[in-house]
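Right, one structure below, let's go through it.
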Amino acid sequence: MPFPVRIHFDNSVGFAAPHLWAWYEASRMHHDLAPAGHDGFGPFFDLEAVRNFVRFRFKDGPGTGGPWEPEALGRGLWPLAMDQPWGDEAWCRGDRAFVDHVEPRLARGNAAERVGRLAFPDGLYVPGTGGLSGLGAQPLAGGGVLFGLYHPTAARVYVAGDFNDWQCPGAPDPDPARFHELDLHVGWFGAANTWLARVPAAEPGDRYKFYVEGGTPRGADGRARRWALDPHARLLEADFESNNPVVHDPTGFPWTDHGWRTPDVGELILYEMSVYGFTEGDPDIDPGHHGRFAGITERIRSGYFARLGVNALCLMPLAEFPSIQSPGTLGYNPSLFSTVERDFGSPEDLRELVDAAHAAGLAVLLDKVFNHTDNSFNPLWQLVLEHPREDEDPGEGGLYFSGGTPWGNRVATEKADVQNLLIDACKLWLQEYHVDGFRLDATHEHYMDHGFVLRLAEELKGFRPGVLLVAENLPNQPQLNRSGFDGYAQWCNHFHDKVKALLREGAFEGQTAGPDGLGEMFYFSKGLFAGHTNNVVNYCESHDEHSVPHEVGFTPWLDHPVAKERKARLGLFATLVALGQPMLYMGQEFALDRPRNLVTVGWPADLDAHGFFQWASRLIHLRRRHLGLRLRGDDPAGDGRFAWILAPWLGAAQGGGRRVIGWRARPGGGPHEELVVMLNFEGAAAVVDLDLGRPGVWVKLADVDVVHDVAPAGTNGAADPTALHTVDGRYAGFTLPSSSGFVYKWEAPG
């Protein structure tokens, strides 16, 4: 029996005499059809198919001479079911291989021009990367909401929600009079790909979704149509089954941080933390705030971070992810990029956290996972098909994905339109939440396109010049340095792995516990990847790594409390004195014995009685007070502000051949700013001769047991019995105990 179907063609390629050539698999039978007529869409062809699956292409003129459309545009009519044909009509556009069940909309103007004519509330971020697009759900200053969806292959798009009782073609009982169909506009790349609609009845608090016809996978009925979550959604409703986006107005929060200045990279002391894990077991805060933004806000206002001394909170991922919160939940499986994780609280709760942080002198950085998404709840998966055959392959995710990573579907960061989405997300967090910057997860070029990473930096620094950018790029690669001072601060793989090997007195991740690499480790890995001290974040603990006490416990002769605490002190000391920016992981200030990928914190009963915390906080404040502990630049040694005095490559009396390192720091403000730093990673004492570089009295500010600053921060001074006295700037026979570190400061003439 024949299967009649009328096939419409927009003839956007401009064939003089368009014809349709149709054929069947494993058959020589074909059809060569001239138009049966024309309508507003273009020529149409009446095909009497003899099978319910037929392939076809368009060409110019009869016969096989052509010219033909590209072979890649070869289309097909798939049956709705084995015993049913396609349907009565099909629509084809000349620039894509999709065959639509509904007549595709034609572009009705330019998206940027339309959005530019609208008024939005002050403080609202309207997506504008790659051109003003208005994507998402944007409340309007005069009432109503602008809805926008980027979908370059859809035929039609609708928005439905509380404002129209969810009416659209996909409703159980559709009422076309109540539909809100989006108009197609010319958007990015000068192509028709941006769908927009102003809905006067919509308002903040309304739930909504898009309904897409065409350019998506076919359902059980053979039709390409689906409900779609907004890729730019700011918030999802509390119902974890429907997961409807919610229109959110971010402009009503009463910010008080108008005088806030984001600190310079060189001033940072970073503190990595999980929103859930930081307070889920904290007995000192409101139980209703456990594991939520409000718990961190409470700790900020109690003065905890001012007491500890860190000045930048690095919040682990807080974009929406589907995992149930637990001590082992990290959040590195996002589903959307602009949406606040509902388990942590509301968007207003996050704004309150940031506002309180700025009032307390704390920058806030967000951990952004742009390399992969969650596999179980993935609203972007096959949302936009780039070719109709993609839905036949369950491993093809459509526009937003390309391949995989060890953790999930790889986000297609090499595509400009995907980049626009991610950059817009960052700009939204900067503008609507006042955050100070971002840490990017797993940016190695295996997982993330570096053209995107560099473009992101360019865009964000143009949008917010003081934005802070940190990359987890392991092993480190120099192309992310940009010009050095303005590049990414990378988590330093060499520092972490080398210090872990030294502390555990054995190999770690390819690093040995020998003296090799000590200079690179403390001199901001300049010879390995960094172009400037700004390019380096030094750390010995993170969410990905065992704590120092846990790690050294794998070495039998160190598996006891005294050795574990000693090594934890030396690890934190090394992190805080090395050139570059130091980072702590939450709980490191308590020397927690904790395995990797665990976000729980065991809070001590009394901070005043916790010796490790007291020492750690004093050491952190010491770094913040003394310029010599935070030298910065592209080569402080080359400009005379840094000089080695102890090293494995120097003479025997200066630590030659041993795991001993030391340097002299001269920030340039006068002798009172001069410091000497020394560390011994040997399991035995090392006696060395010191070239302090200036005669007089050198006061011991810190070692791995005690921190005692000079006035006005402390009462230390030239009369302290631990001070070194030298008449010529040299001091012979200084003993560095095993696993020790020292900071000395020039204080007075001899």
Criterion side-chain contact (heavy atoms from CB on, under 4.5 Å) on Val453 and Tyr488, from CA distance to verdict
CA-CA 9 Å; Val453 180; Tyr488 282 87; 3.5 Å; yes
How close do Glu541 and His546 get, heavy atom to heavy atom, and via which atoms?
CG-O, 4.3 Å
Could you check whether Arg632 makes a cation-pi contact with Phe485, meaning its NZ or CZ is under 6.0 Å from the centre of the six-membered ring and within 45° of the ring axis?
no
Do Lys500 and Phe508 form a cation-pi contact, if we require the NZ or CZ to be under 6.0 Å from the six-membered ring centre and within 45 degrees of the ring's axis?
yes
Does Asn493 offer a backbone N or O that forms a donor-acceptor pair with the side chain of Asn476 under 3.5 Å?
yes
So Glu348 and His248, do their side chains get closer than 4.5 Å, heavy atoms only?
yes
Using modelled atom types only, decide if a donor and an acceptor are shared between the side chain of Thr443 and the backbone of Glu472 within a distance under 3.5 Å.
yes
Under 3.5 Å, is there a donor-acceptor pair linking the side chains of Arg482 and Asn534?
no
Intermediate values then yes/no, side-chain contact (heavy atoms from CB on, under 4.5 Å), Met273 and Leu313:
CA-CA 7 Å; Met273 61 193 304; Leu313 305 182; 4.0 Å; yes
Derivation and outcome, salt bridge (Lys or Arg N to Asp or Glu O under 4.0 Å), residues Glu267 and Arg630:
CA-CA 8 Å; Glu267 301 172 15; Arg630 54 182 198 277; over 6 Å; no
Can a salt bridge be assigned to the pair Arg299 and Asp282 using a cut-off of 4.0 Å between side-chain N and carboxylate O?
yes
Salt bridge check, Arg342 against Glu320: does any charged N sit closer than 4.0 Å to a carboxylate O?
yes
Does some side-chain heavy atom of Arg594 sit less than 4.5 Å from a side-chain heavy atom of His550?
no
Ignoring hydrogens and angles, tell me if any N or O in the side chain of His626 forms a donor-acceptor pair with the backbone of Glu673 under 3.5 Å.
no
Taking the side chain as everything from C-beta on, heavy atoms only, tell me whether Val548 gets closer than 4.5 Å to Leu570.
no
Quick check: does any side chain N or O of Arg659 sit under 3.5 Å from a backbone N or O of Ala513, one acting as donor and the other as acceptor?
yes
When you check the gap from the basic side-chain N to the acidic O, do Arg307 and Glu589 get nearer than 4.0 Å?
no
Walk me through whether Leu572 and Leu584 qualify under side-chain contact (heavy atoms from CB on, under 4.5 Å).
CA-CA 8 Å; Leu572 183 55; Leu584 286 73; 3.8 Å; yes
Note, Val577 side chain near Leu629 side chain (heavy atom, < 4.5 Å):
yes
Closest non-hydrogen atom pair, Met521 against Ala578:
O-CB, 4.4 Å
Is the backbone of Tyr433 close enough, under 3.5 Å, to the side chain of Trp255 for a donor and an acceptor to pair up by distance?
no
Pair Asp436 + Arg464: basic N to acidic O under 4.0 Å:
no
Taking all non-hydrogen atoms of both residues, which atom of Phe337 and which atom of Val369 are closest, and how far apart?
CE2-O, 3.4 Å
Do you know the tightest heavy-atom contact between Cys492 and Val536?
CB-CG1, 3.9 Å
For the pair Glu551 and Lys567, find out whether any cationic side-chain nitrogen is under 4.0 Å from an anionic carboxylate oxygen.
no
Option from Phe522, Phe524, Trp663 for which ring-ring contact (aromatic ring centres under 6.0 Å, His included) with Phe642 holds:
Trp663
Determine, stepwise, if the pair His372 / Tyr447 fulfils ring-ring contact (aromatic ring centres under 6.0 Å, His included).
CA-CA 8 Å; His372 74 285; Tyr447 314 121; 9.0 Å; no
Determine, stepwise, if the pair Thr722 / Val706 fulfils side-chain contact (heavy atoms from CB on, under 4.5 Å).
CA-CA 12 Å; Thr722 62; Val706 176; over 6 Å; no
Main-chain N/O of Gly466 paired to Arg261 side chain as donor or acceptor, under 3.5 Å
no
Taking Thr339 for the side chain and Ala319 for the main chain, is one N or O donor matched with an acceptor at less than 3.5 Å?
no
Report yes or no: do Asn473 and His444 form a side-chain donor-acceptor pair below 3.5 Å?
no
Ala233 and Leu236: which non-hydrogen atoms are nearest, and at how many Å?
CB-CD2, 4.4 Å
Name all residues meeting the side chain to side chain contact (heavy atoms under 4.5 Å, CB included) criterion together with Ser542; count only those two or more places apart in sequence or in a different chain, and write none if there are none.
Glu272, Trp491, Tyr539, Asp544, Glu545, Met583
Output the distance between atom OG (Ser738) and atom CZ (Phe681), rounded to the nearest 0.5 Å.
12.5 Å
Checking Arg624 side chain against Gly309 main chain: does a donor-acceptor pair fall under 3.5 Å?
yes
Just wondering, do Val676 and Lys700 contact through their side chains at under 4.5 Å, heavy atoms?
no
Any chance you could measure Leu422, atom CG, to Lys427, atom NZ, to the nearest 0.5 Å?
12.0 Å
Classify the ring geometry between Phe293 and Phe344 as parallel (under 30°), tilted (30 to 60°) or perpendicular (over 60°).
perpendicular
Could you give the distance from CG (Asn535) to CG (Asp486), rounded to the nearest 0.5 Å?
8.5 Å
Looking at OG of Ser274 and CD of Glu280, how far apart are the two atoms once the value is rounded to the nearest 0.5 Å?
8.5 Å
CG of Leu576 to CD of Gln581: how many Å apart, nearest 0.5 Å?
12.0 Å
Under a 4.5 Å cut-off applied to non-hydrogen side-chain atoms, are Pro317 and Glu341 in contact?
no
Minimal non-hydrogen separation, Arg301 against Glu352, with atom names
NH1-OE2, 3.0 Å
Could you measure the distance from the CG atom of Leu315 to the CG atom of Leu366? Nearest 0.5 Å is fine.
6.0 Å
Trace of the side-chain hydrogen bond (donor to acceptor under 3.5 Å, both in side chains) decision for His434 with Asp257:
CA-CA 9 Å; His434 291 202; Asp257 66 346; 2.9 Å; yes
Using distance alone, with no hydrogens and no angle criterion, decide if Asp355 and Thr256 have a side-chain donor and acceptor under 3.5 Å apart.
yes
In terms of relative ring orientation, are Phe278 and Trp603 parallel, tilted or perpendicular, with 30° and 60° separating the classes?
perpendicular
Parallel under 30°, tilted from 30 to 60°, perpendicular over 60°: which one fits the rings of Phe463 and Tyr125?
perpendicular
List the steps, then state whether ring-ring contact (aromatic ring centres under 6.0 Å, His included) holds for Tyr332 with Trp407.
CA-CA 9 Å; Tyr332 289 90; Trp407 319 285; 9.3 Å; no
Output yes when a side-chain donor or acceptor of Glu432 lies under 3.5 Å from a complementary backbone atom of Leu124, and no otherwise.
no
Using modelled atom types and a 3.5 Å cut-off, is there a donor and acceptor pairing between side-chain atoms of Asn538 and backbone atoms of Thr575?
no
Do His358 and Thr262 have a side chain donor and acceptor closer than 3.5 Å?
no
May I have the step-by-step check of salt bridge (Lys or Arg N to Asp or Glu O under 4.0 Å) for Arg625 and Asp709, ending in yes or no?
CA-CA 9 Å; Arg625 202 167 95 77; Asp709 205 351; 2.7 Å; yes
